[in-house]
Amino acid sequence: MSSFFEKVHHLVRQVPPGKVTSYGAVARMLEHPHAARTVGWALHSLPSAREGDERGGVPWWRVLNSKGCISLAGEHGAGLQRELLEAEGVEVSERGCVDLMRFGWEGLLWYEIEELMKEE
DNA sequence: ACAATGACATAAG
DNA sequence: GCTTATGCCATTG
């Protein structure tokens with residue numbers, strides 16, 4: 001656990017298939033309520049963007065903005081993200097929005113996060 | 001150490 | 001609702 005990025009990556013990895021969360025939620029879980037931007041950056045940057053590890057293991061597409069929509073500030077993989085989500089059974093509206101009431105991830109409990117952060 | 005950057009968030013017009 | 005402005009934070013040059 002050297003950088004904030006890793007925390008983000010580890011946490012995002014815990015997001016179960018078919019569920020989605022938001023940058024803000026992740027930021028709050030990591031006790032940095034106002035680091036949503038950094039969270040987003042952590043995902044866009046994804047160090048060691050290699051095949052088998054980080055990038056492949058981090059379901060970045062399950063992370064949406066506060067509205068539960070795919071914004072991605074322009075383009076990046078918005079189309080891809082929608083496909084990935086739908087492939088997992090998540091309903092994505094045409095505008096790229098997801099019903100957080102049904103697919104929103106509750107998140108982890110504080111002690112689960114602690115355990116998660118403790119290892120690695 | 002300073003300035004810039006960025007896949008965000010929230011309030012205001 | 002959508003657009004604009006401002007705040008926040010870790011990483012990078």
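To find a chain, count down the sequence lines: A is the first, B the second, and so on, and within it residues start at 1.
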Between [N] atom [atom2] and [X] atom [atom1], what is the distance in whole Å?
X: A/Arg82; N: B/dA7; atom1: CZ; atom2: P; value: 20 Å
X: A/Lys67; N: B/dA11; atom1: NZ; atom2: C1'; value: 12 Å
X: A/Leu100; N: B/dA9; atom1: CG; atom2: P; value: 11 Å
X: A/Phe5; N: C/dT12; atom1: CZ; atom2: C1'; value: 9 Å
X: A/Glu31; N: C/dA10; atom1: CD; atom2: P; value: 12 Å
X: A/Phe4; N: C/dA10; atom1: CZ; atom2: C1'; value: 8 Å
X: A/Leu43; N: B/dG6; atom1: CG; atom2: P; value: 16 Å
X: A/Leu72; N: B/dC8; atom1: CG; atom2: P; value: 7 Å

Residue met sooner reading DNA chain B from 5', once A/Asn65 and A/Thr38 are mapped to nucleotides: A/Thr38
Residue [X], side-chain atoms from C-beta onward, closest of [options]:
X: A/Ser66; options: B/dT10, C/dA10, B/dC8; result: B/dT10
X: A/Ala36; options: C/dC2, C/dA10, B/dA9; result: B/dA9
X: A/Arg37; options: B/dC8, C/dT11, C/dC2; result: B/dC8
X: A/His44; options: C/dT11, C/dC8, B/dA7; result: B/dA7

Presence of donor-acceptor pair under 3.5 Å, side chain of A/Tyr23 and base of B/dA7: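 Side chain to base: pair present.
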Of A/Arg95 and A/His34, the one whose closest DNA chain C nucleotide lies more 5': A/Arg95
Summary of side chain to side chain donor-acceptor pair (under 3.5 Å) pairs that have at least one residue in residues 33-42 of chain A, sequence neighbours excluded: A/Trp41-A/His44
Which atom of A/Leu85 lies closest to which atom of A/Trp61, heavy atoms considered: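 The answer is CD2-O, 3.4 Å.
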Heavy-atom closest pair, residues A/Val58 and A/His9: CG2-CB, 4.0 Å
Below 4.0 Å: OP1/OP2 of C/dA10 and any side-chain N or O of A/His32: yes
A/Ser45 side chain near B/dA7 phosphate (N/O to OP1/OP2, under 4.0 Å): no
Exam field: side chain A/His10 to backbone A/Ile113, donor-acceptor pair closer than 3.5 Å: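 It does not hold such a pair.
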Check ion pair A/Lys19-A/Glu88 (N to O, under 4.0 angstrom):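 Looking at A/Lys19 and A/Glu88, the cut-off is not met.
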